[in-house]
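I have placed the structure first, in the form of structure tokens, so that the comments after it can refer back to it.
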Amino acid sequence: QVGLEESGGGLVQAGDSLKLSCTPYGRTFRSFAMAWFRQTPGKERDFVATLNWTGDRSIYADSVKGRFTIFSDNAVNTMWLQMNCLRPKSTGEYYCAAGKSDEYTNGHMPTGTSGYCYWGQGTQITDPK
């Protein structure tokens, strides 16, 4: 079985920091683009950040630039999303994704869900208020 497993979600308040992790299983994704998306009830999944496994290419949504960092460690086969200065709009279900679309193989980092074919089950970030 092949997939992605996220962890690290929880209760947060404005200004908090949190680190999400994504661990592939069943295969390696070292030649794939990896990404995080966020979804709230009734809405589509929004792009947060993407990274290639070598870590030399990354793209962030404008809303998280300067606050979130996506990074990976091949030695432990894990990708993370470090989130600082969380805002109320940061809550939602966060999904890890992996893909090797034509867009990626042509040198562009995908920022849409269509660029990714493997998805985790999601990890929830909630504001306790």
| Is Thr78 close to Asp73 at the side-chain level, that is, under 4.5 Å between some pair of heavy atoms? | no
| Check: Asn74 main-chain N/O paired with Arg30 side-chain donor or acceptor under 3.5 Å | yes
| field | Residue pairs, two or more places apart or on separate chains, that pass ring pair (Phe, Tyr, Trp, His ring centres under 6.0 Å) and touch residues 59-89 | value | Phe71-Trp80
| task | Only counting residues at least two apart or in another chain, list the ones meeting ring-ring contact (aromatic ring centres under 6.0 Å, His included) with Tyr95. | result | none
| message | Could you work out, with ring-ring contact (aromatic ring centres under 6.0 Å, His included) as the rule, every residue matching Phe47, not counting sequence neighbours? | response | Phe37
| task | Go through the structure and list residues passing ring-ring contact (aromatic ring centres under 6.0 Å, His included) with Tyr25, not counting sequence neighbours. | result | none
| Non-hydrogen side-chain atoms of Ile125 and Met83 separated by less than 4.5 Å | yes
| Between Thr91 and Thr126, is any pair of side-chain heavy atoms under 4.5 Å apart? | no
Could you pull out every donor-acceptor pair under 3.5 Å between side chains of residues 100-107 and any protein atom, sequence neighbours left out?
unit_1 : atom_1 : unit_2 : atom_2 : d
Lys100 : NZ     : Ser31  : OG     : 3.1
Ser101 : OG     : Glu103 : N      : 3.4
Ser101 : OG     : Tyr104 : N      : 3.3
Thr105 : OG1    : Ser101 : O      : 3.3
Thr105 : OG1    : Asp102 : O      : 3.0
Asn106 : ND2    : Asp102 : O      : 3.0

| Side chains of Tyr116 and Arg45: closer than 4.5 Å at any heavy-atom pair? | no
| message | Is the shortest side-chain heavy-atom distance between Met34 and Leu4 below 4.5 Å? | response | yes
| request: Taking side-chain contact (heavy atoms from CB on, under 4.5 Å) as the test, write out the residues that go with Arg87, two or more places apart. | output: Arg67, Ser90
